[in-house]
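In what follows, a single structure is set out as structure tokens and then discussed.
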Amino acid sequence: MVKRVELRMVAESDLDVFDAAFQSEAGASEYQWFGFTPTHGLRDALRTRALLAGPDNMLSVTVDGELVGRVEWLERRWGRRDTSLCWEIAIGILPEQRGRGIGKAAQYQLVSYLFTHTRVERIQATTDPENQAELACLKHVGFAHEGVVRRAQWRLGRWHDQMLFSILRSEFEADTRNPLREGIIGV
Ligand SMILES: CC(C)(COP(=O)(O)OP(=O)(O)OC[C@H]1O[C@@H](n2cnc3c(N)ncnc32)[C@H](O)[C@@H]1OP(=O)(O)O)[C@@H](O)C(=O)NCCC(=O)NCCS
């Protein structure tokens, strides 16, 4: 039976689910576990600006209405803000929902949303060179590999490189036959 991946605004109860799911190495995954992280800032940002229209933003990911994870986009600049702003995207799918095709569909939806509703030319993403699932997701969405940011993250007691990827507005618009366009997953 086909199921549809959609993005919606974050509800306060979603943050409880994310806290329970992602505040451990097993839940966050070895690639996203930086130790316990305070989330009061997220709750404040939810109350004051719905976690939107700021330098750090979030939407919830659902499959046929069921909460399955979250996507984020963060302000990044390669120079002055007015002339060099781009978004960096991030994602966390709930552990029990991984491997169903949701991660790639949700990141496609987010890139589409950001090119539709904001004027950026470039969207970037970074991931650990060993994060095979995220590497596959970015490839399916159409991201191009730009290089390696050396020793970018301290996690699990050592430094880790990050691979830098981007997709440009023109590249995304030209990719009219991407099977992720419909947001449908099979399982
Ligand atoms: C990375 C993540 C977003 C991927 O989402 P997902 O829903 O599990 O991924 P999908 O089911 O959409 O699979 C995408 C691709 O990855 C592949 N894949 C999934 N899990 C994999 C794994 N453990 N090892 C290797 N490949 C894997 C799938 O086969 C698929 O490729 P294919 O369509 O060519 O077969 C998810 O696993 C997650 O939230 N991980 C923890 C946080 C994280 O690493 N975030 C990314 C960095 S910000």
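Both ligands and their constituent atoms are indexed starting at 1 by order of listing.
Closest to atom 33 (O) of ligand 1 among all protein heavy atoms lies Lys104 NZ, 2.5 Å. The nearest protein atom to atom 43 (C) of ligand 1, hydrogens excluded, is given as Gln32 CG, 3.6 Å; this is a heavy-atom distance. In terms of protein heavy-atom proximity, atom 39 (O) of ligand 1 is closest to Ile93 N, 2.8 Å. With hydrogens left out, the protein atom closest to atom 25 (C) of ligand 1 is Gln132 CB, 3.4 Å, a heavy atom. With hydrogens left out, the protein atom closest to atom 45 (N) of ligand 1 is Ile91 O, 3.0 Å, a heavy atom.
Ring orientation note: the planes of His117 and Tyr113 are tilted relative to one another, at an angle of 30° to 60°.
In summary, the atoms of ligand 1 found under 4.0 Å from a heavy atom of Ser29, numbered by their order in the structure, are 41 (C), 42 (C), 44 (O). Taking every non-hydrogen atom of His140 and a distance limit under 4.0 Å, the qualifying atoms of ligand 1 come out as 31 (O), 32 (P), 33 (O), 34 (O). In the vicinity of Gly92, heavy-atom distances shorter than 4.0 Å reach the ligand 1 atoms 39 (O). Close contacts of ligand 1 with Gly101, meaning ligand atoms under 4.0 Å from a residue heavy atom, involve 10 (P), 11 (O), 12 (O).
One option in Pro95, Ala133, Gly99, Ala90 has a heavy atom closer to atom 6 (P) of ligand 1 than any other, and that option is Gly99. The closest non-hydrogen atom to atom 7 (O) of ligand 1, taken over Ala21, Cys137, Gly103, comes from Gly103. Considering Ala106, Gly69, Ala136 only, the shortest heavy-atom separation from atom 31 (O) of ligand 1 involves Ala136.
Shown here, atom 28 (C) of ligand 1 is out of close reach of the protein: none of its heavy atoms lies under 4.0 Å off. Proximity of atom 23 (N) of ligand 1 to the protein is not indicated, since no non-hydrogen protein atom lies closer than 4.0 angstrom. Protein heavy atoms are found less than 4.0 angstrom from atom 20 (N) of ligand 1. Per-atom contact check: atom 35 (O) of ligand 1 does not touch the protein, criterion being a heavy-atom distance below 4.0 Å.
Using a 4.0 Å cut-off between a side-chain N of Lys or Arg and a carboxylate O of Asp or Glu, Glu6 and Arg8 do not qualify as a salt bridge. Salt bridge absent: Arg4 and Asp64 never bring a charged side-chain N and a carboxylate O closer than 4.0 Å. A salt bridge between Glu12 and Arg47 is present, with a side-chain N of the basic residue lying under 4.0 Å from a carboxylate O of the acidic one. Here Arg122 pairs with Glu146 in a salt bridge; the nearest charged N to carboxylate O distance falls below 4.0 Å.
A side-chain donor-acceptor contact under 3.5 Å links Ser24 to the backbone of Gly27. In this structure, Arg77 contributes its side chain and Arg80 its backbone to no donor-acceptor pair below 3.5 Å. No donor-acceptor pair under 3.5 Å is formed between the side chain of His140 and the backbone N or O of Leu180.
With a 4.0 Å cut-off on non-hydrogen atoms, Arg100 touches ligand 1 through its backbone and not its side chain. Contacts of Ala28 with ligand 1, taken as heavy-atom pairs under 4.0 Å, involve the backbone alone. Of the heavy atoms in Asn131, only side-chain atoms (C-beta onward) come closer than 4.0 Å to ligand 1. In Arg98, the parts holding a heavy atom less than 4.0 Å from any atom of ligand 1 are both the side chain and the backbone.
Expressed to the nearest 0.5 Å, how far CG of Asp161 lies from CD of Glu130 amounts to 9.5 Å. Summarising the geometry, atom NZ belonging to Lys3 is positioned 9.5 Å from atom CD1 belonging to Ile102; distances are rounded to the nearest 0.5 Å.
Annotation: Glu134 places no N or O atom under 3.5 Å from an N or O atom of ligand 1; distance criterion only.
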Check against side-chain contact (heavy atoms from CB on, under 4.5 Å), Val148 and Leu164: CA-CA 6 Å; Val148 175; Leu164 175 64; over 6 Å; no
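Contact check for Leu59 versus Leu52: side-chain heavy atoms found under the 4.5 Å cut-off.
Ligand 1 lies out of reach of Lys139, whose nearest heavy atom is not under 4.0 Å from it.
Separation of the Phe34 and Phe22 ring centroids does not fall under the 6.0 Å cut-off.
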